[in-house]
Structure formats: C-alpha cells, structure tokens
Asks: 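If you scroll down you'll find the structure; I have some questions about it.
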Protein chains: 2
Amino acid sequence: MVQTRSMAKAVQKRTLQTRARLLSVARDLVKTSGYEGLRVEEVVLGAGVAKGTFFAHFRDKDALMEILIGAELDSSLDQAEAGPVPVSIPDMISVMRPYHLCMKQERYVFDLILRYSGAAAIAEIGPIANTLGRYVYLVEEWVKAGSYRTDISPELIAEGVQGFAIQSMSLQFCALHASTTFEDRLKVYWDAWMLPQSPSN
Amino acid sequence: MVQTRSMAKAVQKRTLQTRARLLSVARDLVKTSGYEGLRVEEVVLGAGVAKGTFFAHFRDKDALMEILIGAELDSSLDQAEAGPVPVSIPDMISVMRPYHLCMKQERYVFDLILRYSGAAAIAEIGPIANTLGRYVYLVEEWVKAGSYRTDISPELIAEGVQGFAIQSMSLQFCALHASTTFEDRLKVYWDAWMLPQSPSN
DNA sequence: AGCAATAAATGACCATGGTCAATTTTGGAG
DNA sequence: CTCCAAAATTGACCATGGTCATTTATTGCT
C-alpha cells in the first residue's frame with residue numbers, strides 16, 4: 001500500500017516516551033537551576049539520548065522553553081479563571097498576581113516571553129503567544145462585567161491592560177525605577193487607563 | 001612617581017584608534033548585512049585585530065550593538081527635537097516616525113532594545129536605556145505644551161505613550177495582528193490614552 | 001518469518017560568542 | 001637613553017547551541 005498525504009503513519013510509542021523523558025528531565029533541571037541555567041547537554045544526558053535527538057523533538061532550545069514556560073503561565077491563568085470575577089482594579093491585580101509572578105520570575109523568562117509574544121514571524125502561534133491571547137480575552141470578559149470607561153471597546157482596554165503589565169515589569173527590571181514596586185506601578189497605570197477621571201480639554 | 005587613584009593614566013592614542021576602527025568596520029558591516037548578520041569575527045578581521053581585542057573594548061557583542069543602535073536612535077531623536085513642537089497626536093506620530101522606524105527596522109534590533117530598555121540589572125545605564133529616557137522626556141514636554149488629559153501627570157502620560165509605541169511594534173511583529181498597520185494602531189492607542197472621551201461609570 | 005520502507009536516534013562536527021595567561025607596546029621617571 | 005610598570009594586544013582554547021550523513025529500530029505487507 002502506498003502512503004498518501006492523508007494517511008500519516010501513527011507516531012511511534014518510542015517517540016512519545018523519549019519526548020516525555022526529555023520534558024520531565026528538563027522540568028526537574030529547571031526546578032533546581034532555573035530557566036536560565038538550563039543546558040541542552042544536561043537534558044540529553046539526563047534523558048539518556050544523544051544531542052541530535054533533542055533537536056529532532058524540539059526545533060531549538062527556545063521551543064522547549066516555550067513549552068515549559070507556556071505551561072506554567074497557562075496553569076496560572078487556569079487559577080485566575082477558576083475564581084470569581086474580579087470587580088475592581090485591585091481585585092484584578094490580585095487575581096493576576098500568580099501570572100505576573102510567573103512572567104517576571106527571571107529576567108531570562110521575561111525576555112523570552114517578549115521575544116515570543118508576537119508569534120515568531122511566521123503564522124505559527126506558540127504556547128506563549130497563545131497564553132498572552134488568553135490573558136487579553138480573560139481581561140476583556142472582566143471588563144465587560146465591570147464598570148470601566150465606555151468610550152473604547154473592552155478588547156482595546158484589555159490589550160492596554162496587558163501592555164501596561166508588561167511595561168510595569170520592564171520598569172521593575174530597570175535600576176532607575178526600582179523605587180516603585182511592580183504592583184504599585186501597575187495600579188497607577190491601570191487606574192489611569194481604565195478609569196480616566198478628567199475632561200480632555 | 002607613584003600612581004594614585006586620582007591620577008589614572010591617560011588612555012593611549014592606540015586605544016582610541018583601535019576602538020574607532022572596530023566601530024567603523026562594524027558600521028560598514030551593518031550597512032551591508034544588517035544588525036542580525038553582524039559577526040564579531042568579521043569585525044576583527046576587518047579591523048585587523050585579534051578577537052580578544054574586541055572584548056577588551058566591548059564587554060560583549062551586545063555592548064557594541066547598543067552603541068551602534070543607540071547612536072542611530074539618538075540621531076532620530078535629535079531630528080525630532082529640532083523641529084517644531086507637534087500639536088496633535090497625528091503630528092506626534094509623524095515627528096516620531098524616524099525613531100519608530102529605527103526601532104522596528106529589524107526584529108533583532110527591536111528585541112535587543114527591549115532587552116536593554118531597563119538598564120541590564122546593574123545600575124549602569126546604557127545608550128539604549130538612555131535614549132528611551134530621552135523619548136519620555138521629550139514627549140513629556142510636548143504633552144505639557146499641548147492640551148491633553150489633566151488627571152494624571154505629563155510624565156505618566158509620556159511613559160504610557162512609550163509603552164503603547166512598544167506594544168504597537170510588538171503586535172506588528174505578530175502574525176495574528178498583521179492586518180492593522182503600526183501607525184494606525186498607534187493612533188488608536190494614543191488617542192485612547194491621551195484623550196479619553198467618556199465618563200468612567 | 002522475512003523484507004522493504006519509513007521513522008527515530010546517533011554522535012562527530014560546525015558556528016559563534018566569549019576567556020585568559022602570555023606577550024608586546026607604550027609612556028614616563030631617572 | 002634605558003628601563004620598567006601599566007596598558008593593550010594576542011590567539012589558542014572553551015562553552016554551548018545547532019546540523020546532518022549514517023546507523024538502528026519499528027511497522028506493515030506478503
């Protein structure tokens with residue numbers, strides 16, 4: 001029988017095992033040395049495979065990172081989604097705390113997230129771009145349920161909310177702006193963005 | 001005579017020459033192969049020095065990049081600063097066009113700028129963090145001179161303006177949001193941020 | 001079971017940024 | 001002019017991510 005496009009052979013059991021082993025070892029290593037300290041060589045050593053095998057399973061080191069970090073971000077969002085809808089800005093800040101903590105746990109992680117926030121060039125949406133999309137969607141729903149400014153769409157509000165979260169993290173990593181904490185700064189921005197108080201002119 | 005702390009020997013002429021040669025070769029290479037394509041080895045080959053010399057002059061490759069990109073950004077800002085004060089949001093967009101074009105000329109450049117936007121960890125403010133500071137200061141002055149929202153400080157407005165510029169660039173690099181152009185998106189954000197139109201609740 | 005076709009895994013090799021002990025050059029003191 | 005300490009330079013070497021022709025395992029067919 002001839003193979004045709006629509007009849008891709010099933011993935012071998014071995015493949016799944018190898019991949020699972022690589023991921024599991026990687027997760028363990030991250031637990032002890034952090035994301036920045038992860039070395040591909042240690043992963044393959046721990047998984048008992050050759051280096052080439054790693055790159056047969058993941059396009060590059062970043063692709064593995066995306067999977068690990070994406071999963072962590074997703075579970076933080078699951079948590080946020082499971083609870084009651086936050087009804088104020090301080091509420092939102094506290095519901096999003098685990099997610100934000102995850103994003104800024106390491107400078108390396110934050111930089112990687114930024115780099116993959118816009119799905120890298122091609123139309124391929126990775127785990128990180130995906131989780132950022134979920135973030136905006138979630139905030140959009142919260143905005144619809146609350147009372148915030150009405151001159152712009154909830155979606156636009158939500159995009160701005162995410163933008164300010166990222167901006168606040170950037171500033172936190174900056175020596176110049178270390179005096180204000182992340183959440184204080186976030187509150188200032190979110191208040192000004194979602195509840196503008198004065199006439200424009 | 002004994003050397004004391006306050007009498008550091010003058011830098012040798014040779015040092016300045018070598019550094020100038022490295023920078024000049026690097027600039028030429030960037031002109032032909034772009035920032036991403038720059039290789040340290042090509043720079044040292046072109047300058048006729050050993051690899052180690054490069055790293056005696058620049059902490060790492062990124063430090064050179066910061067100098068080159070920072071200079072380009074600075075000259076765009078000089079341009080913006082030289083002209084008349086923009087009196088509307090479309091005006092600001094057009095005055096800032098060269099700067100924004102520079103920032104998003106290459107994905108590599110944009111990522112590097114983000115990475116160095118908060119001066120890398122230590123208190124050392126590099127050329128890129130510096131130029132971003134200038135941007136905020138410049139916008140702050142423009143905001144003071146114009147009529148925009150008055151419920152928050154001009155400085156806060158200016159920080160948000162920069163944040164939205166970065167957010168708009170991020171989205172431009174994202175396949176999902178390729179339908180809207182950078183400047184259209186920027187106008188939507190800046191309008192909503194600087195001239196909110198409706199009561200909050 | 002035997003065989004061919006495909007998938008998976010291997011590891012030597014490469015590319016490139018970065019290090020550092022050893023060497024050469026420089027400028028000033030005597 | 002000579003000499004020397006500090007500054008500048010060198011290049012062999014390292015670390016690490018990534019490639020690819022070759023080898024090995026699996027699967028479906030007869």
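In what follows, chains carry the letters A, B, and so on, assigned in the order in which the sequence lines appear, proteins first and then strands, with residues in each chain numbered from 1.
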Asks: Kindly state which residues belonging to residues 14-34 of chain B come within less than 4.0 angstrom of DNA chain D, counting heavy atoms of the residue only, listed by number.
Replies: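 Going residue by residue through residues 14-34 of chain B, the ones with a heavy atom under 4.0 Å of DNA chain D turn out to be Arg14(B), Thr15(B), Thr18(B).
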Asks: Which residue pairs pass the salt bridge (charged side-chain N to carboxylate O under 4.0 Å, His left out) test when at least one of the two sits in residues 61-77 of chain B, sequence neighbours left out?
Replies: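 Matches after skipping sequence neighbours: Asp62(B)-Arg115(B), Asp74(B)-Arg134(B).
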Asks: Could you tell me whether Glu183(B) and Arg97(B) make a salt bridge, using a distance below 4.0 angstrom between a side-chain N and a carboxylate O?
Replies: yes
Asks: CD of Gln12(B) versus C1' of dA8(D): gap in Å, rounded?
Replies: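 It is 6 Å, rounded to the nearest whole Å.
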Asks: For residues 35-82 of chain B, which residue pairs qualify under ring pair (Phe, Tyr, Trp, His ring centres under 6.0 Å), counting only residues two or more places apart or in two chains?
Replies: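 For residues 35-82 of chain B, and leaving out neighbouring residues, the ring pair (Phe, Tyr, Trp, His ring centres under 6.0 Å) pairs sorted by first residue read Phe54(B)-Phe58(B).
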Asks: Which class fits the ring pair Phe182(A) and His100(A): parallel under 30°, tilted 30 to 60°, perpendicular over 60°?
Replies: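 The arrangement is perpendicular - the two ring planes meet at more than 60°.
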Asks: Taking the six-membered ring of Phe173(B) as reference, does the cationic atom of Lys104(B) (NZ for Lys, CZ for Arg) lie under 6.0 Å from its centre and within 45° of its axis?
Replies: no
Asks: Looking at every non-hydrogen atom in both residues, tell me the closest pair between Ala47(B) and Leu22(B) and how far apart they are.
Replies: CB-CD2, 3.7 Å
Asks: Rounded to the nearest Å, what distance is computed from the NZ atom of residue Lys13(A) to the P atom of nucleotide dA7(C)?
Replies: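 The answer, rounded to whole Å, is 18 Å.
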Asks: Does Thr181(B) have any side-chain hydrogen bond (donor to acceptor under 3.5 Å, both in side chains) partners at least two apart in sequence or in another chain, and if so, which?
Replies: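 Listed in chain order: Asp184(B).
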Asks: Quick one: is dT9(D) close enough that its OP1 or OP2 comes under 4.0 Å of any side-chain N or O from His57(B)?
Replies: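 Yes, because at least one side-chain N or O of His57(B) sits under 4.0 Å from OP1 or OP2 of dT9(D).
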Asks: In B/S/- notation, 5' to 3', how is nucleotides 10-23 of chain C contacted by protein heavy atoms closer than 4.0 Å?
Replies: BB----SBBBB---
Asks: According to salt bridge (charged side-chain N to carboxylate O under 4.0 Å, His left out), does anything in residues 14-28 of chain A pair up with another residue at least two apart or in another chain? List the pairs.
Replies: Asp28(A)-Lys31(A)
